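Please read these numbers as outputs of a predicted model, since none were measured by experiment.
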Amino acid sequence: MQITIQLFGMQARLADTRAVELDLPDNADCQAALDRLAADCPALAESIPASRLAVNQHYAEPHHRLTAGDEVALIGMISGG
């Protein structure tokens, strides 16, 4: 299945794009998507462990199964105070 992951802020700048399309096996989960994203876009690899995926506008756990047509976004953790 094809999944498009939306990127924002620093991660969009690192990848030099606002979206990355991934080809994943059917029934892939969020962790599989993150692993593929790190492999396909090495510029993001260091930031992925401190990020989460949002699926259909809700944070998703690593084991959450993805389906074609899901709206997926990589949300980088922001520090501050």
Side-chain angles (χ1 to χ4, degrees):
M1 80 179 135
Q2 288 275 31
I3 295 289
T4 301
I5 299 182
Q6 301 297 317
L7 305 175
F8 305 96
M10 181 58 76
Q11 290 170 318
R13 286 191 292 277
L14 287 170
D16 198 28
T17 186
R18 300 270 307 169
V20 176
E21 289 193 24
L22 301 178
D23 187 25
L24 298 170
D26 291 341
N27 295 319
D29 61 15
C30 287
Q31 187 60 56
L34 290 171
D35 292 344
R36 176 66 58 85
L37 183 61
D40 288 3
C41 195
L44 294 176
E46 285 187 35
S47 70
I48 288 174
S51 302
R52 292 187 64 189
L53 286 183
V55 179
N56 301 322
Q57 300 181 2
H58 297 282
Y59 283 116
E61 296 298 323
H63 62 273
H64 177 87
R65 296 279 172 209
L66 297 168
T67 59
D70 279 342
E71 180 183 292
V72 183
L74 183 67
I75 309 297
M77 294 299 134
I78 300 171
S79 64

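- Between the OG atom in S51 and the CG atom in L7 there is a gap of 9.5 Å [rounded to 0.5 Å].
- Nearest heavy atoms, T67 versus I3: O-CD1, 3.6 Å.
- Residues A45 and P49 approach most closely at O-CD, 3.3 Å, considering heavy atoms.
- Of the possible donor and acceptor atoms, none in the side chain of D29 sits under 3.5 Å from a partner among the backbone N and O of H64.
- Considering all non-hydrogen atoms of both residues, R18 and A12 come closest at CD-CB, 4.2 Å.
- Put simply, CG on L14 and SG on C41 are 8.5 Å apart, with the number rounded to the nearest 0.5 Å.
- The two atoms that bring T4 and Q6 nearest to each other are CG2-NE2, 3.5 Å, heavy atoms only.
- Side-chain atoms of R36 come within 3.5 Å of backbone atoms of D23 as a donor-acceptor pair (strictly under, hydrogens ignored).
- In this structure, CG on L44 lies 9.5 Å from CD1 on I5, to the nearest 0.5 angstrom.
- In this structure, L22 is not a member of the same hydrophobic cluster as I75, with clusters built from ILVMFWY side-chain heavy atoms closer than 4.5 Å.
- Remark: E46 CD is loosely packed, at most 12 non-hydrogen atoms of other residues, nucleotides or ligands lying under 6.0 Å away.
- Under the 4.5 Å side-chain criterion, counting only non-hydrogen atoms from C-beta, Q31 is not in contact with E61.
- I48 is connected to V72 through a chain of hydrophobic side-chain contacts under 4.5 Å among Ile, Leu, Val, Met, Phe, Trp and Tyr, so both are in one cluster.
- When every heavy atom of V55 is checked against every heavy atom of A60, the shortest pair comes out as CG2-CB, 3.7 Å.
- Both V20 and M10 belong to a single network of hydrophobic side chains, linked directly or stepwise wherever heavy atoms of I, L, V, M, F, W or Y lie under 4.5 Å apart.
- When all heavy atoms of N27 and M1 are compared, the pair lying nearest together is N-CE, 3.9 Å.
- Distance check, rounded to the nearest 0.5 Å: CZ of R52 to CG of L34 gives 10.5 Å.
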